[in-house]
Enquirer: 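Here it is: the structure, laid out below.
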Amino acid sequence: MTLALYNTMTRNKESFKPLRTDRVLMHSCGPSVHDVPHIGTHRRFVLADMIMRYLELKGFTVVHEINIIDMADNSVKGATRARMDVEHYTRQYIEAFLKDMAILNVSEDIHYPRASRHVEAMIDLAQKLVEKGYAYEKLHSVYFDISRLDNYGSLSNIDLSRVRHRKTVDQDDYEKDSPVDFTLFKRATLEELKQGIFYKTRWGNVRPSWHLECAAVAWKNLGDTYDIHLSGSDIIFPHCENVMAIGTAACESNPARFWLNAELVMRDGKKMSRSLSNTFTIEELAAKGYTGREIRYFLLSSHYRKPLNFSFAALDTAANTVKRLDNFIQRLIKYVPGPGTGGEIDQLIYDLKQGFMISMDDDLNVSGALATVFAFVKTVNLAISEHRPDEREQRAILDVMRTIDDVLGVMNFKEQHLDKDIELLLEERDRARNRKDWKESDRIRDELSKRGIMIQDTPEGTVWTSRK
RNA sequence: GGCGGCAUAGCCAAGGGGCUAAGGCAGCGGUCUGCAAAACCGUUAUUCCCCGGUUCGAAUCCGGGUGCCGCCUCCA
């Protein structure tokens, strides 16, 4: 079974084959670090993580980097405003970002190269472009001459002669030959020179652009050509287009074979973004009681090429759905084996694996894959209610769920440990129930619920689940 | 104005020429339970934004509308 991915480049689903049969090189456009990150941008990182996990399930070794843009205008401006050096200023947001990634259960195998550590590669790349005539220096800034590149615009399908560039933001600050040319290195301002925020190059004292940073990080770490470039649909133009232009011009081939672009998180019909002040951070959602797994499920559970509407109702739905999976897993862990189903469970497991992979292979159709998972959960729940699976089957069910979760990353297989005081409450409640003191046992149940422990009394004793 | 995309139940969301239009959430009725919870069973779209066309057959293909979103600017 091969994975088909929608390639923005060709506007078609294509079957995915990496350059080297056993290894996938993957670059995801990372965050710029100048503020606390929000879930609008996290969607594509969670997606990036899921793609990596799915490729690993399919047997590939994946080298995956999410670059950190720690020297863009925002970071410099923010640092100046905060009267901090850029390094110091960005560090706090890098840490916040990495903390969010951990909360969202993003794989620890992902690399997070920082743009500021790749300045030499940027200079090398720009030098190559100048030598080849794709870039020019003007008044100590370096620009990419897009008229030199025949296929410029082919990723975003843009026709530059029809584009409105009257508002091109850097029109005032720059002296480009053509307003559509984009900046590779920008002459440092007086203020930046004073603060030492610049790099000495043959062209002058400069700072790199976002596009060059992204292109150089990927080029340095992954080489001239890599397999997947993942980004957001909102930055196909100009960012991805420009990254592609830099790579294509410098190395004479498209830097990425698959260009993937995740759709956005919306809030009340508008893109969730800082400029609209409609963002939510992980911390804010955590304060309202939502867990990383719940947020991850929300971000992951619908197709990545469709906009995702954020609402608390939608988050609650995600939370309830995760709870359903938790109940299933905890019930399985605590299940006391029965006589066996004579192959029925094995068949269900086979169907689940097949169904899951068929959906995921179709451009990561998570909704379809989840439908298969829930169909499985339902049938197995029934078998468990009837007390039929034996120990081997019980283990096999848990194993297949783990395999699924190696991709999804939203389940909890820990046999949860209890705090001592909660354990005591459970014992106390057992005693109360034994003497049929319902008032006391209900009081304890409420108390436990307040602490996030949900109780289910089964014929085999009390089963509990924790939300965390 | 240019380019790209979306519209399926109360909400979310798959499917994409003919099989009962997946699945999740919420609701309702039941089984179980001391009561709950969880789980299970049943139930909730004769119909897929509208109008035409192609076809034996359209939610699915084609044409035309309508509404919404993204990018071309900050955000990323």
Side-chain angles (χ1 to χ4, degrees), chain A residues 8 11 29-32 34-35 37-38 40-41 44 69 72-74 153 155-171 180 210 214 231-241 261-264 266 269-279 297-298 301-303 305-309 311 313-328 330-331 355 359 362 365-386 432-433 436-439 441-442 445-446 449 454-459 462-465:
Chain A
T8 303
R11 278 164 282 278
C29 281
S32 57
H34 58 279
D35 201 348
H38 61 87
T41 49
R44 73 169 192 257
I69 303 296
D73 291 1
N74 293 323
L155 182 69
S156 53
N157 204 20
I158 207 160
D159 179 351
L160 286 164
S161 62
R162 286 165 177 263
V163 154
R164 298 177 169 179
H165 37 72
R166 60 199 156 102
K167 275 192 173 175
T168 302
V169 70
D170 40 12
Q171 206 71 296
V180 290
W210 175 31
C214 199
S231 194
S233 71
D234 52 343
I235 52 178
I236 296 174
F237 187 88
H239 181 65
C240 297
E241 188 74 59
N261 292 90
E263 263 299 342
L264 310 175
M266 314 293 289
K270 292 283 169 208
K271 170 178 167 180
M272 185 181 276
S273 76
R274 272 189 200 113
S275 57
L276 295 174
S277 307
N278 62 359
T279 58
Y297 187 91
F298 167 71
S301 56
S302 58
H303 192 89
R305 282 194 292 116
K306 289 213 173 154
L308 176 66
N309 280 305
S311 68
L315 258 192
D316 289 341
T317 296
N320 286 338
T321 308
V322 169
K323 198 163 81 189
R324 179 171 166 82
L325 291 170
D326 284 353
N327 284 328
F328 179 66
Q330 288 304 314
R331 198 180 178 196
S359 288
D362 182 14
N365 182 353
V366 183
S367 304
L370 284 169
T372 314
V373 172
F374 286 109
F376 176 81
V377 167
K378 187 171 190 158
T379 317
V380 172
N381 257 322
L382 185 58
I384 282 181
S385 293
E386 292 165 354
R433 292 188 71 226
K436 299 199 191 308
D437 183 351
W438 310 126
K439 213 172 173 182
S441 86
D442 289 354
R445 183 166 61 197
D446 288 348
S449 160
M454 301 300 160
I455 299 270
Q456 298 136 47
D457 297 321
T458 74
T462 298
V463 171
W464 51 271
T465 44

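For clarity, every value in this text was computed on a predicted model and none was experimentally measured. Lettering of chains follows the sequences in order, A, B, ..., and the numbering in each one begins at 1.
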Enquirer: Is the phosphate of B/C41 approached by A/K378 (side-chain N or O, under 4.0 Å from OP1 or OP2)?
Expert: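 Yes, within the criterion.
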Enquirer: Would A/T465 and A/Q330 count as a side chain to side chain donor-acceptor pair (under 3.5 Å) if you check the C-alpha gap in whole Å, the side-chain angles of each, and the deciding distance to 0.1 Å?
Expert: CA-CA 7 Å; A/T465 44; A/Q330 288 304 314; over 6 Å; no
Enquirer: Please give the nucleotide sitting opposite B/C61 as a Watson-Crick or G-U wobble pair, both distances under 3.5 Å, or none.
Expert: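 B/G53 - that is the nucleotide pairing with B/C61, both distances being under 3.5 Å.
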Enquirer: Scan A/L264 against the nucleic acid and name what it touches under 4.0 Å (heavy atoms): base, sugar-phosphate only, or nothing.
Expert: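 Answer is sugar-phosphate: A/L264 comes under 4.0 Å of backbone atoms only.
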Enquirer: Would you call A/K323 and A/D326 a salt bridge, using N to O less than 4.0 angstrom?
Expert: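 Here A/K323 does not pair with A/D326 in a salt bridge, since their nearest N and O are not under 4.0 Å apart.
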Enquirer: Does a nitrogen or oxygen in the side chain of A/N309 sit under 4.0 Å from OP1 or OP2 of B/C12?
Expert: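 No, because none of the side-chain N or O atoms of A/N309 sits under 4.0 Å from OP1 or OP2 of B/C12.
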Enquirer: Tell me which nucleotide among B/C25, B/A36, B/G4 gets nearest to the side chain of A/R445.
Expert: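 Out of B/C25, B/A36, B/G4, the nucleotide with an atom closest to A/R445's side chain is B/A36.
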Enquirer: Please give the nucleotide sitting opposite B/U47 as a Watson-Crick or G-U wobble pair, both distances under 3.5 Å, or none.
Expert: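 Base-paired to nothing in any strand shown.
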Enquirer: May I ask you to evaluate whether A/N320 reaches the phosphate of B/C25, defined as a side-chain N or O under 4.0 Å from OP1 or OP2?
Expert: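 For B/C25, OP1/OP2 do not have a side-chain N/O of A/N320 under 4.0 Å.
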Enquirer: Suppose you measure atom P in B/G30 against the same atom in B/G70; what distance do you get, rounded to whole Å?
Expert: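 Pairwise P distance, B/G30 against B/G70, rounds to 47 Å.
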Enquirer: Using only heavy-atom distances, decide whether a donor-acceptor pair under 3.5 angstrom links the side-chain of A/S275 to the base of B/C74.
Expert: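 Between B/C74 and A/S275, which were checked side chain against base, a qualifying N/O pair under 3.5 Å is present.
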Enquirer: Quickly work out the A/Q456 CD to B/A36 C1' distance and round it to whole Å.
Expert: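 To the nearest whole Å, that distance equals 11 Å.
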Enquirer: Roughly how many Å is it from CZ in A/R331 to P in B/A37, rounded to a whole number?
Expert: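 Checked: the CZ to P distance equals 15 Å.
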Enquirer: Within the structure shown, what part of the strands sits under 4.0 Å from A/H38 by heavy-atom distance: base, sugar-phosphate, or nothing?
Expert: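 Result for A/H38 = nothing.
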Enquirer: Please work out if A/D457 contacts a base, only the sugar-phosphate, or nothing of the nucleic acid, heavy-atom cut-off 4.0 Å.
Expert: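 Answer is base: heavy atoms of A/D457 come under 4.0 Å of a base.
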Enquirer: Looking at A/N381, does any N or O in its side chain come under 4.0 Å of the phosphate oxygens OP1/OP2 on B/C40?
Expert: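 For B/C40, OP1 or OP2 has a side-chain N or O of A/N381 closer than 4.0 Å.
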Enquirer: Mind checking who B/A7 pairs with, Watson-Crick or G-U wobble, both distances under 3.5 Å?
Expert: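 With both distances under 3.5 Å, B/A7 matches B/U66.
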Enquirer: Where each residue is assigned the nucleotide of RNA chain B containing its nearest heavy atom, which of A/S233 and A/S156 is assigned the position nearer the 5′ end?
Expert: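 Its nucleotide being nearer the 5' end, the pick is A/S156.
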Enquirer: State which of B/C72, B/A14, B/C75 makes the closest approach to the side chain of A/S367.
Expert: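 Selected nucleotide: B/A14.
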Enquirer: If the cut-off is 4.0 Å, is A/R433 near the phosphate of B/U33, judged by side-chain N/O to OP1 or OP2?
Expert: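 For B/U33, OP1/OP2 do not have a side-chain N/O of A/R433 under 4.0 Å.
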Enquirer: Could you measure between the two C1' atoms, the one in B/G4 and the one in B/C19, and give it in whole Å?
Expert: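 Result for the C1' pair: 35 Å, nearest Å.
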Enquirer: Look at all strands and tell whether A/L382 reaches a base, only sugar-phosphate, or nothing, counting heavy atoms closer than 4.0 Å.
Expert: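 If one applies the 4.0 Å heavy-atom cut-off, A/L382 turns out to touch the sugar-phosphate alone, with no base involved.
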Enquirer: Work out how far the C1' atom of B/A59 is from that of B/U20, and round it to whole angstrom.
Expert: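 Approximately 16 Å lies between the C1' atom of B/A59 and that of B/U20.
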Enquirer: Using purine N1 to pyrimidine N3 plus N6-O4 or O6-N4 for Watson-Crick, or N1-O2 and O6-N3 for G-U wobble, each under 3.5 Å, what pairs with B/C32?
Expert: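 Its partner: none found.
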Enquirer: Indicate whether A/F374 forms a stack on B/G23; treat it as stacked only if centroid distance is below 5.5 angstrom and interplanar angle below 30 degrees.
Expert: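 It does not: the two rings, one from A/F374 and one from B/G23, miss the stacking criterion.
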Enquirer: Could you tell me how far apart A/M454 (CE) and B/A39 (P) are, to the nearest whole angstrom?
Expert: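 Checked: the CE to P distance equals 13 Å.
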Enquirer: Does B/A38 have a Watson-Crick or wobble mate here (both distances under 3.5 Å), and if so which one?
Expert: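 Here B/A38 is not engaged in any pair, so there is no nucleotide opposite it.
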Enquirer: Roughly how far apart, to the nearest Å, are B/A13 and B/G29 at atom C1'?
Expert: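 To the nearest whole Å, 26 Å.
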Enquirer: Looking only at the side chains, is there a donor atom on one of A/T8 and A/N261 sitting less than 3.5 Å from an acceptor on the other?
Expert: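 There is such a pair (donor and acceptor under 3.5 Å, judged by atom type) between the side chains of A/T8 and A/N261.
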Enquirer: In whole Å, measure the gap between the C1' atoms of B/A39 and B/U33 for me.
Expert: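 12 Å, rounded to whole Å.
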Enquirer: Base, sugar-phosphate or nothing for A/G269? Non-hydrogen atoms, less than 4.0 Å.
Expert: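 Sugar-phosphate, no base atom in range.
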Enquirer: Please give the nucleotide sitting opposite B/C19 as a Watson-Crick or G-U wobble pair, both distances under 3.5 Å, or none.
Expert: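 Across any shown strand, B/C19 pairs with none.
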Enquirer: How far apart are the closest heavy atoms of A/C29 and A/S231, and which atoms are they?
Expert: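 So the two residues come closest at SG-OG, 3.4 Å.
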Enquirer: On a heavy-atom basis, which atom in A/I69 and which in A/G30 lie closest, and how many Å separate them?
Expert: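 Taking A/I69 first and A/G30 second, the nearest heavy atoms are CG1-O, 4.5 Å.
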Enquirer: If you define the side chain from C-beta out and look only at heavy atoms, does anything of A/N381 sit under 4.5 Å from A/R331?
Expert: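 Counting from C-beta outward, A/N381 and A/R331 do come under 4.5 Å.
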Enquirer: Could you tell me how far B/U44 sits from B/U55 if I compare only their C1' atoms? Round to whole Å.
Expert: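 Each nucleotide's C1' atom is 33 Å from the other's.
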Enquirer: Check the side chains of A/R44 and A/S233 for a donor-acceptor pair under 3.5 angstrom, ignoring hydrogens and angles.
Expert: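 Short answer, no.
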Enquirer: At under 4.0 Å, does any side-chain N or O of A/K306 touch on OP1 or OP2 of B/A14?
Expert: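 The answer is yes; a side-chain N or O of A/K306 sits under 4.0 Å from OP1 or OP2.
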Enquirer: Please state how far atom CD1 in A/I158 lies from atom P in B/C3, giving the value in whole angstrom units.
Expert: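 From A/I158 CD1 to B/C3 P: 11 Å.
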Enquirer: Could you pick out which residue, A/N157 or A/A371, lies toward the 5' side of RNA chain B when each is mapped onto its nearest nucleotide?
Expert: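 The 5'-side residue here is A/N157.
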Enquirer: Heavy atoms only: give me the nearest A/S441-A/R433 pair and the separation to one decimal.
Expert: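 Smallest interatomic distance, heavy atoms only, reads CB-CG, 3.6 Å.
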Enquirer: How long is the line joining CG of A/D234 and P of B/C72, in whole Å?
Expert: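 The distance from CG of A/D234 to P of B/C72 comes to 8 Å, rounded to the nearest Å.
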Enquirer: Taking only the C1' atom of each, what is the distance from B/G23 to B/G15 in whole angstrom?
Expert: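 Per the computed distance, 11 Å lies between those C1' atoms.
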Enquirer: Quick one: which of B/G34, B/C75, B/C25 gets closest to the side chain of A/W438?
Expert: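 Of the options given, the side chain of A/W438 lies nearest B/G34.
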Enquirer: With a 4.0 Å limit, can you tell me whether A/K439 has a side-chain N or O closer than that to the phosphate oxygens OP1/OP2 of B/G34?
Expert: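 For A/K439, the contact criterion (side-chain N or O under 4.0 Å from OP1 or OP2 of B/G34) is not met.
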Enquirer: Using a heavy-atom cut-off of under 4.0 Å over every strand shown, decide if A/K436 touches base, sugar-phosphate, or nothing.
Expert: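 Nothing, no nucleic acid heavy atom in range.
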Enquirer: Given B/C40, is OP1 or OP2 found less than 4.0 Å from the side-chain N or O atoms of A/R324?
Expert: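 Checking A/R324 against B/C40: at least one side-chain N or O falls below 4.0 Å of OP1 or OP2.
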Enquirer: Nearest to the side chain of A/F237, which nucleotide is it out of B/G70, B/C72, B/C35?
Expert: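 From the listed options, B/C72 comes nearest.
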Enquirer: Can you tell me the distance, in whole Å, between the CE atom of A/M266 and the P atom of B/C68?
Expert: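 That distance rounds to 13 Å.
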Enquirer: Provide the distance between the two C1' atoms, one in B/U47 and one in B/U8, to the nearest whole Å.
Expert: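 The same atom, C1', in both gives a distance of 9 Å.
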Enquirer: Can you classify the ring geometry of A/H239 versus A/W210 as parallel (below 30°), tilted (30 to 60°) or perpendicular (above 60°)?
Expert: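 The rings of A/H239 and A/W210 lie parallel, inter-plane angle below 30°.
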Enquirer: Hey, does A/H239 reach any base, or is it just sugar-phosphate, or nothing, if we go heavy atoms under 4.0 Å?
Expert: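 Nothing: the residue A/H239, judged by heavy atoms under 4.0 Å, touches no strand.
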Enquirer: Quick one: A/Y297 OH to B/C25 P, roughly how many Å, whole number?
Expert: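 In whole Å, B/C25 P and A/Y297 OH are 8 Å from each other.
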Enquirer: Find the distance A/K323:NZ to B/A26:C1' and express it as a whole number of Å.
Expert: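 Interatomic distance, NZ of A/K323 to C1' of B/A26: 12 Å.
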